[in-house]
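As structure tokens, the structure follows; a few thoughts come after it.
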Amino acid sequence: MSQEIRIPDIGDAEDVEVVEILVSAGDQVGADDPVIVIESDKASMEVPAGVAGTIESLTVSVGDKVSEGQVIARLASSDEAGAEGEKAETAEPPEARKRPAKAETADEAEAAPAAAAEPAEDGAGAQPTEEREIDIAVPNIGEAENVEVIEVAVKPGDHVDENDVLVVVESDKASMEIPATQAGTIKEVHVAVGTQVEEGTKLVTLLAAGRAASSSVGAASGREQKDSRPEAAPTGAAAPKEKAAPKEKAAPAAAPPHARPRSDIYAGPAVRRLARELGVDLAQVNGTGNRGRIVKDDVKAFVKERMSGAATPAAGAGIPPLPVVDFSKFGEIEEQPLSRTRAAGAQNLHRAWLNIPHVTQHDEVDVTDLEDFRASLKAEAEQRGVKLTPLPFIIKACCQVLKEFPTFNASLDAEAKTFILKRYYHIGMAVDTPDGLVVPVIRDADRKGIWELSEEIVELADKARNKKLSMDDMRGGSFSVSSLGAIGGTGFTPIINAPEVAILGVSRVTVRPVWRGEAFVPRKMLPLSLSYDHRAINGAEAGRFVTRLGEILSDIRRLAL
Ligand code: CAO
């Protein structure tokens with residue numbers, strides 16, 4: 001019979017975001033199989049099916065906000081689970097009954113019992129810095145049982161800023177990062193990985209900086225120049241306490257070049273468990289999930305890569321880290337953390353840039369006839385309620401050329417010894433959003449007409465800008481197009497959307513004088529920039545590819561051939 005799967009008790013948290021959908025309609029699930037992953041600012045939690053059966057439909061998407069009791073999916077319970085399912089229907093939601101694990105919100109985490117103790121009486125106690133010892137303990141974690149420390153992100157002597165992650169704890173279904181409630185220096189760590197904890201268990205003792213001390217410790221994060229403010233005037237007195245700070249800041253440079261700080265690890269409980277079982281350091285794994293979330297496949301791919309001995313880009317490559325600069329020395333600054341989308345994008349772009357030898361082929365294509373044709377369709381486009389830009393024509397033309405040059409619609413295997421040619425034409429389209437760049441995929445673009453492509457471009461761009469793209473919307477591309485045509489420019493060097501091997505950059509159409517045998521005539525010229533993986537494609541092939549694309553775009557009747 002049909003059952004509803006609901007959000008269980010997640011504490012007082014409301015409007016918690018769905019960050020991963022783990023099943024599709026038709027999937028068989030067991031009672032304990034996770035269906036979706038939800039995440040608040042500080043905790044992620046898998047919501048299990050509760051009863052075994054077949055998923056009939058999902059009623060939420062990635063990015064939706066959910067609260068306790070909300071229906072997330074419908075499931076046909078399997079015969080043997082029927083009795084259990086019926087029981088569950090009359091009782092409370094099974095998962096809530098079995099596992100009242102709470103997903104803590106940042107507010108709750110910040111409200112963690114943080115007992116202020118006496119001012120520190122250590123050797124530095126004579127300094128006028130108002131340093132206080134603060135114990136940071138496990139906050140309210142609901143009635144969760146078997147809560148274990150799975151990561152300790154700090155050690156004595158470390159400087160932390162407010163909200164930096166100190167410790168990650170995990171119950172059977174939820175993991176939670178416990179942050180510093182204020183800036184300071186770690187004096188003592190009271191737990192280790194594996195320690196069982198409960199609400200109130202003391203985690204660390206922090207030497208919290210008072211006002212004067214805060215600016216001196218803050219020197220580590222580039223604020224020492226602000227000591228010229230009146231309250232920091234006794235610079236001579238504050239100076240000795242600043243000594244340790246620059247060392248702290250230098251520490252990340254010593255980490256593996258592509259390892260992230262622990263506080264940036266974005267992964268759910270099951271993934272963290274798998275990583276621990278396999279001995280994988282999540283700080284070194286690139287997340288391909290939504291907003292850079294590390295999914296199980298990323299952990300497996302990491303292990304596979306290490307086992308096969310394939311070179312990781314930075315490890316052993318001797319890439320020197322960039323220097324850490326205190327910019328506040330030169331003037332006023334403001335620190336703004338990157339959004340998750342931007343941070344994930346940065347990581348993907350960096351990885352592609354390091355792994356792939358890029359070359360970009362630039363060309364200019366006469367699209368006067370195409371533009372005239374497009375203008376002639378303006379009224380029809382308005383009637384249909386779509387905006388007809390050059391992009392659908394370019395995508396359609398790319399599909400045709402990709403069929404003629406199959407190695408551009410391909411990936412290389414891990415050793416770069418085999419082409420994996422794709423017989424589908426799923427075209428990724430770079431979309432600029434306030435949160436950063438995302439690349440939704442137009443599936444089977446070769447089988448779609450210009451109007452259909454136009455509609456899909458608008459639809460996907462809207463979804464991207466409203467954060468409604470699902471993982472599936474962004475998977476499986478075989479070639480990408482990045483159009484800056486609306487913005488301007490005469491050319492650029494797009495970074496390949498690995499594991500694809502090529503990407504077409506499109507710049508702005510401009511009217512230019514073109515020599516036509518006897519005279520210059522005004523023509524509308526479209527700049528194209530094709531970046532390609534030089535391991536897979538050689539320059540002559542890229543030249544032919546762009547030339548052929550130009551032939552088609554200059555005379556789009558060829559699209560019909
Ligand atoms: N030359 C001149 N005008 C162009 C053009 C071009 N190459 N491409 C688009 N235009 C015009 C369109 O015709 C439209 O004009 P009208 O409103 O008068 O018809 C206007 O520019 C706006 O187009 P658009 O940007 O809304 O639509 P699009 O189909 O061209 O692009 C999308 C859609 C989602 C790809 C785009 O909005 C976008 O986000 N581009 C940014 C991609 C990006 O950031 N890439 C850089 C990544 S680094 O590799």
Side-chain angles (χ1 to χ4, degrees), residues 19-22 24 58 61-63 286-293 295 297-298 301 340-342 344-345 347-349 351-352 356 386 389-403 405-412 420-433 435-485 494-506 530-533 536 549:
V19 294
E20 228 174 298
I21 305 258
L22 305 167
S24 309
L58 284 150
S61 324
V62 169
N286 286 311
T288 60
N290 194 17
R291 297 181 305 168
R293 183 181 180 76
V295 295
D297 281 350
D298 297 328
R340 281 203 194 265
T341 306
R342 201 176 283 266
Q347 216 178 69
N348 289 339
L349 292 167
R351 184 172 46 175
I356 301 174
V386 292
T389 69
L391 191 56
F393 295 95
I394 294 168
I395 290 177
K396 189 80 186 159
C398 281
C399 290
Q400 184 158 325
V401 184
L402 287 169
K403 286 184 179 176
F405 294 80
T407 53
F408 287 72
N409 194 56
S411 289
L412 286 177
I420 300 153
L421 303 173
K422 294 155 196 177
R423 302 291 182 220
Y424 51 84
Y425 299 86
H426 299 339
I427 308 299
M429 169 184 82
V431 179
D432 174 39
T433 80
D435 275 344
L437 186 69
V438 286
V439 189
V441 173
I442 302 175
R443 250 146 251 284
D444 297 314
D446 60 316
R447 296 194 212 153
K448 293 178 177 162
I450 297 294
W451 293 121
E452 203 178 348
L453 287 172
S454 285
E455 280 167 20
E456 205 166 327
I457 289 167
V458 173
E459 194 185 308
L460 286 172
D462 279 353
K463 268 173 113 177
R465 287 170 184 145
N466 294 315
K467 301 186 184 177
K468 292 280 179 211
L469 287 175
S470 68
M471 281 296 291
D472 276 349
D473 286 332
M474 291 187 279
R475 274 196 189 129
S478 55
F479 178 85
S480 292
V481 176
S482 174
S483 173
L484 290 176
I495 295 183
I496 296 162
N497 191 14
E500 296 163 20
V501 291
I503 180 170
L504 182 74
V506 178
L530 178 83
S531 291
Y532 57 93
D533 181 340
L549 188 59

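Keep in mind the model is a prediction, meaning the values are calculated, not measured.
Considering CD1 of Ile457 and CD1 of Ile450, their distance stands at 8.5 Å, rounded to 0.5 Å. For the atom pair OG (Ser61) and CG (Leu469), the distance works out to 10.5 Å, reported to the nearest 0.5 Å. The CD1 atom of Ile442 sits 12.0 Å away from the CD atom of Glu455 when rounded to the nearest 0.5 Å. Between the CZ atom of Phe479 and the CD1 atom of Ile395 there is a distance of 10.0 Å, given to the nearest 0.5 Å. Atom CZ of Arg443 and atom CD of Glu456 lie 9.0 Å apart (nearest 0.5 Å). With rounding to the nearest 0.5 Å, the separation of CG in Leu549 from CD1 in Ile394 is 8.0 Å.
Of the possible polar contacts, one joining the Lys396 side chain to the Lys448 backbone as a donor-acceptor pair under 3.5 Å is found. Side-chain atoms of Asn409 never come within 3.5 Å of backbone atoms of Pro406 as a donor-acceptor pair (strictly under, hydrogens ignored). Of the possible polar contacts, one joining the Ser411 side chain to the Pro499 backbone as a donor-acceptor pair under 3.5 Å is found. Formation of a donor-acceptor pair under 3.5 Å by the Ser531 side chain with backbone atoms of Pro494 is found in this model. Judged by distance alone, with hydrogens and angles left aside, the side-chain atoms of Ser478 form a donor-acceptor pair with the main-chain N or O of His426 at under 3.5 Å.
A pairwise comparison of heavy atoms in Ile503 and Val481 identifies CG1-N, 4.4 Å as the closest pair. Across all their heavy atoms, Asp298 and Gly287 have their closest contact at OD2-CA, 3.4 Å. Scanning both residues, Leu530 and Ala502, for their nearest heavy atoms gives CD1-CB, 4.4 Å. Of all heavy-atom pairs spanning Ala536 and Val501, the tightest one is CB-CG1, 3.9 Å. Of all non-hydrogen atoms in Leu58 and Ser24, the two that sit nearest each other are CD1-CA, 4.1 Å. The heavy-atom pair separating Ile496 from Ala352 by the smallest distance is O-CB, 3.4 Å.
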Verdict with supporting geometry, Arg475 and Asp472, side-chain contact (heavy atoms from CB on, under 4.5 Å)
CA-CA 5 Å; Arg475 274 196 189 129; Asp472 276 349; 3.1 Å; yes
Let's go through Asp473 and Val62 carefully: what are the C-alpha distance in whole Å and the side-chain angles of both, what is the deciding distance for side-chain contact (heavy atoms from CB on, under 4.5 Å) to 0.1 Å, and is it a yes or a no? CA-CA 11 Å; Asp473 286 332; Val62 169; over 6 Å; no
Might you work through the side-chain contact (heavy atoms from CB on, under 4.5 Å) test for Val386 and Val458, ending with a clear yes or no? CA-CA 8 Å; Val386 292; Val458 173; 5.6 Å; no
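Residues Ser470 and Lys463 bring no donor and acceptor atom of their side chains to less than 3.5 Å of each other. Using a 3.5 Å distance cut-off with no hydrogens or angles, the side chains of Ser480 and Asn497 do pair a donor with an acceptor.
Residues Leu460 and Val431 have side chains not in contact (no heavy-atom distance under 4.5 Å, counting atoms from C-beta outward).
Annotation: Lys422, atom NZ; neighbour count of heavy atoms from other residues, nucleotides and ligands within 6.0 Å is above 12.
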